[in-house]
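Here the structure comes first, spelled out in structure tokens, and everything after it is commentary.
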Protein chains: 2
Amino acid sequence: MRIGEKPEIARLPLFREMDEAQREEVFSASYLQVFPPQLTLFEAGQQADFLHVLVDGLVELYVGGAGRDTTMRIVEPVSSYILAAVVTDMPYLMSARTLASSRILLVPAVHLREAMNRDEGLMEATMREMALGYRDLVRALTDLKSRQSAERLGNHLLEYSTRLGGEWEFELKGEKRVLASLLGMTPENLSRAFGALKQHGVSVAGAKVRIEDKEALAAFSRPDPVPPDRF
Amino acid sequence: MRIGEKPEIARLPLFREMDEAQREEVFSASYLQVFPPQLTLFEAGQQADFLHVLVDGLVELYVGGAGRDTTMRIVEPVSSYILAAVVTDMPYLMSARTLASSRILLVPAVHLREAMNRDEGLMEATMREMALGYRDLVRALTDLKSRQSAERLGNHLLEYSTRLGGEWEFELKGEKRVLASLLGMTPENLSRAFGALKQHGVSVAGAKVRIEDKEALAAFSRPDPVPPDRF
DNA sequence: TCTGTAATTTGACGGAGATCAAAGTGCTTG
DNA sequence: CAAGCACTTTGATCTCCGTCAAATTACAGA
């Protein structure tokens with residue numbers, strides 16, 4: 001893959017501070033590949049041979065807990081995923097599948113780890129990325145433990161909205177069943193949660209969501225006092 | 001603090017690969033302090049001025065979610081905590097309190113971050129530590145989302161047991177109410193969960209737990225197919 | 001040792017959310 | 001444009017777990 005092809009990748013926090021030559025070398029060993037929707041990219045337990053960078057499309061990370069799968073993250077472009085498995089050289093903890101036709105840059109784990117040892121900036125960026133990911137999960141865990149379902153949905157909508165730069169009207173990516181699993185509830189209950197939020201400044205039509213009263217929604221959802229690290 | 005005082009600290013994965021001189025410098029800027037039980041060490045939202053290393057005692061990390069606190073981790077010696085806030089130079093996401101009289105090494109965040117930029121080994125160890133912590137949280141999150149309370153307790157006991165090197169009889173650290181909060185349930189329900197596990201090879205007397213039938217407990221608790229990264 | 005306080009346990013009850021079933025809606029495909 | 005299928009929504013019921021209350025046990029201080 002040539003670097004000029006996707007300057008957006010090079011602008012990711014993970015690769016931004018990299019030495020130019022190193023980046024060129026890592027990227028030239030990587031390949032960009034297109035996958036159809038609903039394809040399993042890898043499964044939990046497999047050795048982590050590649051860091052993935054989603055360039056275009058939509059990817060779901062999930063864990064297959066006995067009975068039912070539980071969604072851990074919905075990856076939107078452009079972002080990398082499964083970094084922790086790659087840096088520790090351990091088996092994936094999560095499985096991944098495409099939710100839409102997706103273009104993914106596959107970066108060989110070996111090359112990335114080698115580049116890290118040569119490139120101070122890359123290692124620091126990786127460390128920071130891991131730390132931010134850790135903090136995201138701390139939030140997700142407390143969210144699940146201390147809020148009920150409609151509040152979780154409310155907070156999710158608020159955060160998604162501000163991540164979009166403050167758009168109070170937007171479309172949900174992917175199916176609602178996946179969102180339900182991400183938020184730790186059933187599709188039926190997600191539907192009811194949306195219903196409950198109608199009383200608190202949210203209107204929904206299909207995948208289109210409008211936050212009509214941000215204050216009311218925030219009052220109901222009780223967002224964290226410490227704001228998220230990144231949007 | 002003199003390094004000779006606690007070789008155990010220097011043997012932590014985080015500090016093990018450090019350059020000797022760097023370690024000496026960082027440790028000499030740190031101080032070992034004794035805290036009484038039930039003392040708040042820091043609160044979520046505060047700037048992360050110190051990395052903590054618990055040398056002796058017991059510490060609880062928790063998040064104060066509106067109504068009730070929820071325990072995120074019970075820290076046993078010798079281990080460090082709150083690394084992610086320190087490396088990102090962001091506010092603590094969790095609060096910390098001592099559960100018992102504790103000796104804690106306070107490492108100034110500034111010194112640690114500076115040492116990281118000079119010491120390749122330290123940075124790599126930090127990166128690895130963060131990655132392992134991330135994976136721990138992925139497990140905790142799926143655990144909470146896909147298992148019910150008695151199963152969570154069963155898995156916790158199994159993991160704790162193997163972390164102790166396979167001791168099938170051990171004492172629980174701290175109060176049961178804290179364990180309950182860590183596992184995402186009420187004290188009442190923890191009690192009932194212990195009751196339920198009696199049918200699956202676990203006997204309890206006060207804080208003393210005995211796993212009498214590991215196979216039966218594992219069959220009931222449905223542990224992860226991918227074993228934990230570290231014990 | 002005794003006593004008071006806190007932690008744990010046990011029981012009864014209620015509620016949030018899961019499950020099951022069925023109807024409704026939207027999307028894809030011929 | 002119509003048919004078929006999957007996703008979403010709605011309703012009814014059940015289950016797990018939280019809440020409230022009370023009894024019991026453990027523990028610290030006098």
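Proteins come first, then strands; the chains are lettered A, B, ... in the order of their sequence lines, and each starts at number 1. Owing to the predicted nature of the structure, the values given are computational and were not obtained by experimental measurement.
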Residues 140-150 of chain B side chain polar contacts: donor-acceptor under 3.5 Å, at least two apart:
from: B/T142; atom 1: OG1; to: B/V138; atom 2: O; distance (Å): 3.4
from: B/T142; atom 1: OG1; to: B/R139; atom 2: O; distance (Å): 2.9
from: B/D143; atom 1: OD1; to: B/R147; atom 2: NE; distance (Å): 2.6
from: B/D143; atom 1: OD1; to: B/R147; atom 2: NH2; distance (Å): 3.1
from: B/K145; atom 1: NZ; to: A/T70; atom 2: OG1; distance (Å): 3.2
from: B/K145; atom 1: NZ; to: A/T71; atom 2: O; distance (Å): 2.7
from: B/K145; atom 1: NZ; to: A/S181; atom 2: O; distance (Å): 2.8
from: B/K145; atom 1: NZ; to: A/L182; atom 2: O; distance (Å): 3.1
from: B/S146; atom 1: OG; to: B/T142; atom 2: O; distance (Å): 2.6
from: B/R147; atom 1: NE; to: B/N155; atom 2: OD1; distance (Å): 3.2
from: B/R147; atom 1: NH1; to: B/R222; atom 2: O; distance (Å): 2.4
from: B/R147; atom 1: NH2; to: B/D224; atom 2: OD1; distance (Å): 3.1

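In this structure A/Y92 satisfies the ring-ring contact (aromatic ring centres under 6.0 Å, His included) test together with A/F42, sequence neighbours excluded. Every residue meeting the ring-ring contact (aromatic ring centres under 6.0 Å, His included) condition with A/Y81, not counting sequence neighbours, appears here in chain and number order: A/H52. In this view, A/D49 and A/Q47 satisfy the side-chain contact (heavy atoms from CB on, under 4.5 Å) rule, not counting sequence neighbours.
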I'd like a table of atom pairs between the protein and nucleotides 10-15 of chain D - only N or O on both sides, under 3.5 Å - with the distance next to each one.
from: D/dG11; atom 1: N7; to: A/R192; atom 2: NH1; distance (Å): 3.2

Identify each atom pair where a protein N or O and an N or O of nucleotides 28-30 of chain D are less than 3.5 Å apart, giving names and distance.
none

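A heavy atom closer than 4.0 Å to some atom of DNA chain D occurs in B/G184, B/M185, these being the qualifying members of residues 178-185 of chain B. Residues from residues 137-150 of chain B that place a heavy atom under 4.0 Å from any atom of DNA chain C: there are none. DNA chain C is contacted by no residue of residues 205-212 of chain B, taking any non-hydrogen atom closer than 4.0 Å.
Rounded to 10 degrees, the angle separating the terminal helix axes of the helix from C/dT1-D/dA30 to C/dG30-D/dC1, each built from five base pairs, is 50°.
Counting only residues at least two apart or in different chains, ring pair (Phe, Tyr, Trp, His ring centres under 6.0 Å) contacts with residues 170-222 of chain B comprise B/Y160-B/F170, B/H200-B/F220.
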Report task. Would you give a per-nucleotide map of nucleotides 25-30 of chain C, 5' to 3', where B means the base has a protein non-hydrogen atom under 4.0 Å away, S means only the sugar-phosphate does, and - means neither? Result -> ------

